Amino acid sequence: MHDFYQHIYEQQLAVLEMPSNKKICGWATKILDVLFPERNSGEMKSVDDVKLAFEQFELELEQLLSKSKACGNCNHAQIAHQFFERIPALYELMCWDADALMDGDPAAQNKREVVRTYPGFFAICIFRMANELHRLGVPLIPRILTEHAHSKTGIDIHPGATIGHHLHIDHGTGLVIGETCTIGNYVKLYQGVTLGALSVDKVFSNVKRHPTIEDHVIIYSGATILGGETRIGHHSVIGGNVWLTSSVEPYTTVYHQATAKFIDSKPII
Ligand SMILES: CC(=O)OC[C@H](N)C(=O)O
């Protein structure tokens, strides 16, 4: 047993120090609470309060980065500053995502409902922030953020994915968007959609493995679209449960041939 305890102890020594997931996700959630007061009830009493809050968030990001040994070679202050310079643009994208849900879901009554209750809205907001950190070269933290959203919503978006504006994710449970996926503007995705890789061999780590979805595409529930060379042309509609590993031209409708059998179940008298 001694060798086992020794091994576990050595693992502990080798572990890189990192702020807790709770701290990292708490930081992101606080930003969303200020950007979208509909999530709580507005707590800012003046413009200065808002300014102070963002200055505090920037400081907190700098601290999170400086306490992450995995980010040892990063310029913490510069990354934190660059991230917050991008916040107005990220906010605009998030607002457009909320608009896409409002405009695209007949069940959505108002923005408050979308912001406060839609899992798709929460997941895309967290993705927008994680993606920015990923672009700035921050290791691990982007993944911690999107996995937090995944655990809360069932929506799994890799922070490395490239996603345009007005993304509409309705319901969303079981949705998977892979790392090298490219999604255009005004795309609608439903629950259980997989935008995945055709092969999960490790040699494909740095290769585009996930599909490209062009503008104005709708992909209904349970559809699986695989492969880095697979391109769904703009304005196409991919029906529920479709399995696709090849490209489709713009304006194409693809649907799954139903194989359900109807059995006469009249009661026997
Ligand atoms: C979404 C997906 O294809 O996942 C499989 C694997 N994690 C990969 O990124 O290739």
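For ligands, and for the atoms within them, numbers begin at 1 and follow the listed sequence. All values reported here derive from a predicted model rather than from experimental measurement. By convention here, the first residue in the shown sequence is residue 1. The figures here come from the full heavy-atom set of this structure, side chains too, leaving out hydrogens, waters and symmetry mates.
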So, for V114 and A108, which heavy atoms are closest and what is the spacing to 0.1 Å?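 It is CG2-CB, 4.0 Å.
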Does ligand 1 come near enough to S199 that some N or O of the ligand is less than 3.5 Å from an N or O of the residue?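 The answer is no, given that S199 and ligand 1 share no N or O pair closer than 3.5 Å.
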Can a side-chain donor-acceptor contact be found between E147 and H150 if the only test is distance below 3.5 angstrom?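 H150 vs E147: donor-acceptor pair found between side chains.
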Any side-chain donor-acceptor pair under 3.5 Å between E179 and H210?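 Checked: E179/H210 side chains show no N/O donor-acceptor pair below 3.5 Å.
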Are L61 and F84 close enough that some pair of their side-chain heavy atoms sits under 4.5 Å apart?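 Yes, their side chains come closer than 4.5 Å.
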Closest approach of any protein heavy atom to [atom], naming residue and atom:
| atom | result |
| --- | --- |
| atom 1 (C) of ligand 1 | V176 CG1, 3.6 Å |
| atom 3 (O) of ligand 1 | A197 N, 2.7 Å |
| atom 5 (C) of ligand 1 | V200 CG1, 3.7 Å |
| atom 9 (O) of ligand 1 | R209 NH2, 2.9 Å |

How about Y186 and H168: are their ring centres within less than 6.0 Å of each other?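 Ring centres of H168 and Y186 not closer than 6.0 Å.
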Check: Y118 main-chain N/O paired with H171 side-chain donor or acceptor under 3.5 Å: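 Answer holds: no.
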For ligand 1, which part of H210 has a heavy atom less than 4.0 Å away: the side chain, the backbone, both, or neither?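 H210 to ligand 1: side-chain contact only, backbone stays beyond 4.0 Å.
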Can you sort out which atoms of ligand 1 are near G178, meaning under 4.0 Å from one of its heavy atoms?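 Those of ligand 1 that fall under 4.0 Å from G178 are 1 (C).
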